Number of protein chains: 2
Amino acid sequence: MKQQEVFKAMADPTRRAILKRLQDGALTAGEIGESFDISAASLSHHFAVLKRADLVRTERRGQYIVYSLNSTVFEDLARMLFDLFPSRNARRDPS
Amino acid sequence: MKQQEVFKAMADPTRRAILKRLQDGALTAGEIGESFDISAASLSHHFAVLKRADLVRTERRGQYIVYSLNSTVFEDLARMLFDLFPSRNARRDPS
DNA sequence: TATATATTTAGACAAATATCTAAATATTGC
DNA sequence: GCAATATTTAGATATTTGTCTAAATATATA
């Protein structure tokens, strides 16, 4: 996981909203765009950032491009967080 | 939790390294600074960002200021992540 | 009180980023 | 092949951000 890319991707509210939009299943770029008052070009930029972070997957379907969540990276990110913030009763790695 | 502040705070590698440095216990600003090749002023800026996100707590001890992790926000963040990325076998909130 | 040490604040600057419009590319269907 | 639609790329611009040095503030101690 490219940690830096993932965190930078998550730092923008529009991108987090895009991820949230994708929770219930894959959507085309245009469908996602309907929820945002932003140009298609700007949206495309956000898609690129999410893709670079491997947070979303894409698939061309005819003239559309379909975006979906990549939950694998989410799990990595969650693990990373737990690693970064030791909870009170977790053992610390003894290394 | 100020989600936006937390994510922005986590997006910088120096700040994540500071958090990691604090895993084993509280440290003064100066002690933290020893690990970084960066001016005290820049470091102080990073502390401010982490504080604004409520990721660290501070306490003055004489002429020193002691920083420590605030693990509460971590837990909030983890929860937020799980909410954002539904895992395959989790039920979705029916609302 | 004066000096030394620790930290933050102020102000400047360069690099990164979110946005836009216009143009390019890919695909469909006539 | 051509026109329409969907999406991305290019280039410009304004804002944000990470860094610096210099100055200010807070505390300790001689």
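Note that the coordinates shown come from a computational prediction; the quantities given were computed from them, not determined experimentally. Lettering follows sequence order; numbering is per chain, from 1.
Listed by residue number, the members of residues 27-36 of chain A with any heavy atom below 4.0 angstrom from DNA chain D are A:Thr28, A:Ala29, A:Gly30.
Shown here are the side chain to side chain contact (heavy atoms under 4.5 Å, CB included) partners of A:Ser35, two or more places apart in sequence or in another chain: A:Arg21. Remark: A:Tyr64 pairs with no residue by the ring pair (Phe, Tyr, Trp, His ring centres under 6.0 Å) rule, at least two apart or across chains. With sequence neighbours left out, the side chain to side chain contact (heavy atoms under 4.5 Å, CB included) criterion links B:Ser68 to B:Ala26, B:Arg57. By the side chain to side chain donor-acceptor pair (under 3.5 Å) test, B:His46 pairs with B:Arg15, sequence neighbours left out. With sequence neighbours excluded, no residue forms a side chain to side chain donor-acceptor pair (under 3.5 Å) with A:Gln63. Residues that satisfy the side chain to side chain donor-acceptor pair (under 3.5 Å) test with B:Arg79, not counting sequence neighbours, are B:Asp76. Not counting sequence neighbours, the partners of B:Phe47 by the ring pair (Phe, Tyr, Trp, His ring centres under 6.0 Å) test are B:Tyr67. Looking at residues two or more places apart in sequence or on another chain, you find a side chain to side chain donor-acceptor pair (under 3.5 Å) between B:Ser39 and B:Ser42.
Think of the region where chain A sits on DNA chain D: with heavy atoms and a 4.0 Å cut, that region ends 5' and 3' at D:dT5 to D:dT9.
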Close N or O pairs between protein and nucleotides 13-20 of chain C (under 3.5 Å):
| unit_1 | atom_1 | unit_2 | atom_2 | d |
| --- | --- | --- | --- | --- |
| C:dT17 | OP1 | A:Lys8 | NZ | 3.3 |
| C:dA18 | OP1 | A:Arg15 | NH2 | 3.3 |
| C:dA18 | OP2 | A:Arg15 | NH1 | 3.2 |
| C:dA18 | OP2 | A:His45 | NE2 | 3.3 |
| C:dT19 | OP2 | A:His46 | NE2 | 2.3 |
| C:dC20 | OP2 | A:Ser39 | N | 2.9 |
| C:dC20 | OP2 | A:Ser39 | OG | 3.1 |
| C:dC20 | OP2 | A:Ser42 | OG | 2.7 |

Can you give me the N/O atom pairs linking the protein to nucleotides 27-30 of chain C at distances under 3.5 Å, or say none if there are none?
none

